[in-house]
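Each remark here refers to the structure printed beneath this line.
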2 protein chains.
Amino acid sequence: MAKRGIKDVAERAGVAVGTVSRVLNEHPSVTPEVRARVKAVIHELGYRPDPFARSMRSKVSRLIGIVIPDLTNPFFAELVQCAERAAADRGHNVIFMTSFDDAAKEADRLAQLAGRKVDGIIIVPCNSPHAIKAPKGLPLITVDRVLPHHPGVAADHRGGARVAVDYLAKLGHRRIACIAGPSGSRPADDRLQGYLDVMRTLPAPKGVKIEPLFVNAAFDYESGRTAGTFLLARPRAERPTAIFASSDQQAIGCLRAANDLGIPIPAGLSVVGFDGIPLSNLITPRLTTIVQPMAQIANAAVSSLLGLRELPKAGKPSLFQCELVVRESSTEPVLEPAASASR
Amino acid sequence: MAKRGIKDVAERAGVAVGTVSRVLNEHPSVTPEVRARVKAVIHELGYRPDPFARSMRSKVSRLIGIVIPDLTNPFFAELVQCAERAAADRGHNVIFMTSFDDAAKEADRLAQLAGRKVDGIIIVPCNSPHAIKAPKGLPLITVDRVLPHHPGVAADHRGGARVAVDYLAKLGHRRIACIAGPSGSRPADDRLQGYLDVMRTLPAPKGVKIEPLFVNAAFDYESGRTAGTFLLARPRAERPTAIFASSDQQAIGCLRAANDLGIPIPAGLSVVGFDGIPLSNLITPRLTTIVQPMAQIANAAVSSLLGLRELPKAGKPSLFQCELVVRESSTEPVLEPAASASR
DNA sequence: TGTCCATTTGGAAACGGTTCATCACTATAT
DNA sequence: ATATAGTGATGAACCGTTTCCAAATGGACA
C-alpha cells in the first residue's frame, strides 16, 4: 500500500493530473463522463488529497481559530462546542486556544493563528482594556464581548436584561436589585443598562420612591455570593424582594448567600440569572434565567467568517434575542405584613 | 510590504536558502556567526516560515488532535484546557473536536484528523462499546477512559476510590454506600472496585455484618440525585451514614436529594465525590472530593504523543495518584441513640 | 470548405519550504 | 608536501497540489 498521490489517480484513470484536480474542486469544465471515471478511481484507491499541499497552493486552509479566555467557564465551553459543530457542518476544523484572560497571551495566540494561515478567527477578547490587533486580511469576529473596532456577534444583553427585570416587575416586585458584572465589560454594562431601563420606567406605588440598587461583581460564583450577601444585609423592609444577576454563576452564588441568611427561595426572594448554562437547570431550586441562543450565535459567527453571510460592521454587532425561561427561583413577592411597621 | 519568503532572507543575509532552513530547524552544522546573522535578518524582516510548505516536505504538522465526547462536562473542559496548554508549551497547536458520545461521529473525526496529518491524537473515547480504529502510524492515546488495545493515561481511579472510602471508614462510618458510574465504563468500574476493596477489609464492629451497597447511575447531576434518593429511602437504622459518589456531579445531585429528604449535611450524611471539578468548591456545603491531577495527566498524554516520553503500552496505562481534599460535606458519623431502638 | 469560437483536456510552472548529494576549505595524519 | 578526513555551506531536486496557458476537438456559421 504505497502512498496514493494525485498522479496515481490520474494515471489509473487515464487523464492528466490537472483534470483530477478539477474533479476534486468541482470545477464545472469537466465532462460528466470523465468526472465519473475519476471519482470511481478516487474511491477505488481510497485517495485523500494532502491538505498541506492543497493549502500551500490555494491559500485556503479550511481551518478556523477560536480563542477564549477560560474554558472552565461553562458558558465559553458551550460556545466552543457550538462553534466547533458549526464549523464542522461547513467542512472546517477548529484550532482551539486559551488566552487565560491575559492580553499578552492573547496577542501571541492571534499571531500563531495568523501564522497557521487559518481562514478566520473567532475570539472572546479578554477583559483587560486593550486593543486586539487583528492580523490584517484575516477575518476576525468577536463574540459575546464585542469590541468597538471589530465586527461582532452577541446576545442582546440589554434586551435580555430588560425582559428579565420586566418579568420581575410584572410579578409585582418593586425593590429589585441587580448584581452587575465587572464594570468595563461590554456584556456586563449592557445588562446593567437593561436593568436601569426598566427600573426608570417603573410606576411607583403610592408615592414610594423606586430606586435602582446594584453592585458590581465578577461573573463567578463566589463574587455572586459576596454581592448577594451585601445586598441582602439590610432591614427586612428595605431588603430587595428580587435580584437580577448578570450571570447564572452569580445567581447561584446569590442563592447560596440567601440560603446562609435563612431567606427561603423563592418565597422570600426571587432570583433571575443570565446565560442559561446547563447547571442552572440542575440546582435546587432550578434557576429562572435568560438563556442565550448559543447555537445561533456560534452559527452566525462561523457563517460570517466564511463569507456565507455578511460580516457585521465594526461597532454594529449583530444581536440575538434571548429567551426568558421561568423555573423555580422566582415568584410573586409576599405581601408585607403592615407595611413598614418599623418595629 | 511584499511577502517575505525564505529566499528573501537568504539573499539579505548573503547565504543560501538551505542554510536559512538549517538555522530555522536548529540544525547543528551552522557556524554560530552565520546563525546569528541569519537570525538577525529573520527578525528584521519579521519572517515567519509557512507551515504548509514546511509540513508538506517534512511530514510534521505541529498539530495534535483532541476528541472528547462532550465539552459541557466540566471535567472534559478542564482536560481540554490543560491539554492545550501542554501542547502550546511544546510548540504545538490543538485541533478540537466533539464526538457527542457517538461512535460513528467519533470514527469520522478520527479520519478527519488523520487526513489533516496531525502529529498525534488525544481521545476520550465515547462510552458505547466499540473499537476505535486508530489510523495506523499515527500516535493515539486514550485519556480517562482507557481502552484495552490502546495506550492510555488516566487517574488511578481505583486507588483514588480506595482513599475516599478508607477516609470515610477511618472517620468511623460503617454503612457506606456507593453511587457507581455507568457499568461498562472503565473509570466507573475501577472506582467501584476501589470501593469494594475497602469494604471487604472493613472490620465489623461487634458482629454486625458489613455489606457493600451500591447502585449504578450515569455520571451526571440528575442521575446522582435519583441514585441518592434511592439509597436514602430506607429506615434510619439501615440508611447509609456516608455515600461515596463516583463523580462530583453525582455527589452534588446526591446532596440535593439529601436536602429534599431533610437530611442535614454533614451531620446526617457524609458525601465524598470524585474528580475535583471547580464547582465542587463552590456549592454549599463545599464538597469533599478526590481530585484528579488534570495538568499532570494532560502533560503526560501530550509528552507521550510527541515522543518526549515513552508511550505507555496498550493495556498498561500510566496511572496518576489522586488526592483527597477534605471540605465541608463529610464528618464523623453521629452516635446513634440506643442502637437500633426499633421504636 | 474554411473560419471562428467555445469547450475540454493536457502539461508545466508555481507554491515555499526541506533535504540531500556535493563542493570548498581547513586541519590533521602520513 | 601530499593525502585524508571533517566541517560548513551550496544549489538543485523534491513534496503534492492548484492554476494558468496552450492545444485539441467539435460545432456553428458565412
Side-chain angles (χ1 to χ4, degrees), chain A residues 1-42 45-63 91 112 114-119 137, chain B residues 1-42 45-63 91 93 114-119 137:
Chain A
M1 158 162 166
K3 279 219 175 66
R4 286 98 175 53
I6 197 172
K7 281 189 208 128
D8 305 300
V9 175
E11 191 177 340
R12 201 120 160 48
V15 299
V17 294
T19 305
V20 177
S21 175
R22 261 168 260 147
V23 170
L24 250 26
N25 297 291
E26 302 292 343
H27 194 289
S29 76
V30 177
T31 310
E33 184 200 355
V34 174
R35 179 183 304 276
R37 194 166 77 237
V38 172
K39 280 196 169 170
V41 174
I42 288 177
L45 260 42
Y47 163 76
R48 298 230 162 260
D50 178 325
F52 295 126
R54 186 171 253 214
S55 299
M56 174 164 137
R57 194 68 168 90
S58 67
K59 304 303 177 197
V60 178
S61 60
R62 294 189 157 276
L63 237 30
Q112 281 192 49
R116 283 281 185 198
K117 301 245 164 65
V118 295
D119 290 347
Chain B
M1 157 161 167
K3 280 222 175 65
R4 286 95 176 55
I6 197 173
K7 281 190 205 126
D8 305 299
V9 176
E11 191 177 342
R12 200 117 158 50
V15 298
V17 294
T19 305
V20 178
S21 175
R22 273 176 295 131
V23 170
L24 250 26
N25 296 291
E26 302 291 343
H27 194 288
S29 75
V30 178
T31 312
E33 183 200 357
V34 174
R35 179 184 302 277
R37 196 168 76 237
V38 171
K39 279 196 170 171
V41 174
I42 287 177
L45 259 44
Y47 164 75
R48 299 229 161 260
D50 178 324
F52 295 126
R54 183 173 259 213
S55 299
M56 176 163 132
R57 190 72 163 88
S58 66
K59 304 302 175 199
V60 180
S61 61
R62 295 189 158 275
L63 238 30
N93 293 132
R116 282 281 184 196
K117 300 243 164 65
V118 296
D119 290 347

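First the proteins, then the strands, lettered A, B, ... as listed; each starts at 1.
- Ranking D:dT10, D:dC20, D:dG8 by closeness to the B:Arg22 side chain, first place goes to D:dT10.
- Across residues 45-57 of chain B, B:Met56, B:Arg57 each have a non-hydrogen atom less than 4.0 Å from an atom of DNA chain D (numbered order).
- Against DNA chain D, the stretch residues 5-13 of chain A makes heavy-atom approaches under 4.0 Å through A:Gly5, A:Ile6.
- In this structure, A:Gln112 and B:Asn93 have side chains that are in contact, with non-hydrogen atoms separated by less than 4.5 Å.
- Between A:Ala10 and A:Ala16, the shortest heavy-atom contact is CB-C, 3.8 Å.
- Here A:Ile6 contributes atom CD1 and A:Arg48 contributes atom CZ; the two are 14.0 Å apart, rounded to the nearest 0.5 Å.
- Mapping B:Lys59 and B:Gly14 onto DNA chain D via the closest heavy atom, the residue that lands nearer the 5' end is B:Gly14.
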Quiz item: Where do B:Leu63 and B:Arg116 land on the side-chain contact (heavy atoms from CB on, under 4.5 Å) test, with the steps shown first?
Solution: CA-CA 9 Å; B:Leu63 238 30; B:Arg116 282 281 184 196; 5.6 Å; no
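- The phosphate of D:dA9 (OP1 or OP2) has a side-chain N or O of B:Thr31 nearer than 4.0 angstrom.
- Of the residues in residues 32-39 of chain A, those with a non-hydrogen atom less than 4.0 angstrom from any atom of DNA chain C are A:Val34.
- Side-chain N/O atoms of B:Thr19 include one lying less than 4.0 angstrom from OP1 or OP2 on D:dT10.
- Comparing the start and finish of the helix from C:dT1-D:dA30 to C:dT30-D:dA1, five pairs each, the helix axis swings through 50°, to the nearest 10 degrees.
- A salt bridge is absent between B:Arg4 and B:Glu11; no separation between the charged side-chain nitrogens and carboxylate oxygens falls under 4.0 Å.
- For DNA chain C, the span of nucleotides reached by chain A at under 4.0 Å from its heavy atoms goes, 5' to 3', from C:dT8 to C:dG16.
- The list of salt bridge (Lys or Arg N to Asp or Glu O under 4.0 Å) pairs with a residue in residues 49-62 of chain A, not counting sequence neighbours, reads A:Asp50-B:Lys117.
- At whole-Å resolution of the value, NE2 in B:His27 and C1' in D:dT7 are 12 Å apart.
- No side-chain heavy atom of B:Val38 sits less than 4.5 Å from a side-chain heavy atom of B:Tyr47.
- Within a 6.0 Å radius of CZ in B:Arg35, other residues, nucleotides and ligands contribute more than 12 heavy atoms.
- Counting all heavy atoms, side chain and backbone alike, A:Ser29 lies closest to A:Arg22 at OG-CD, 4.2 Å.
- Across every non-hydrogen atom of B:Ser61 and B:Ser55, the tightest pair is CA-OG, 3.6 Å.
- Taking CD of B:Glu33 as the start and OG1 of B:Thr31 as the end, the distance is 6.5 Å to the nearest 0.5 Å.
- Heavy atoms of B:Val20 sit nowhere under 4.0 angstrom from any nucleic acid atom.
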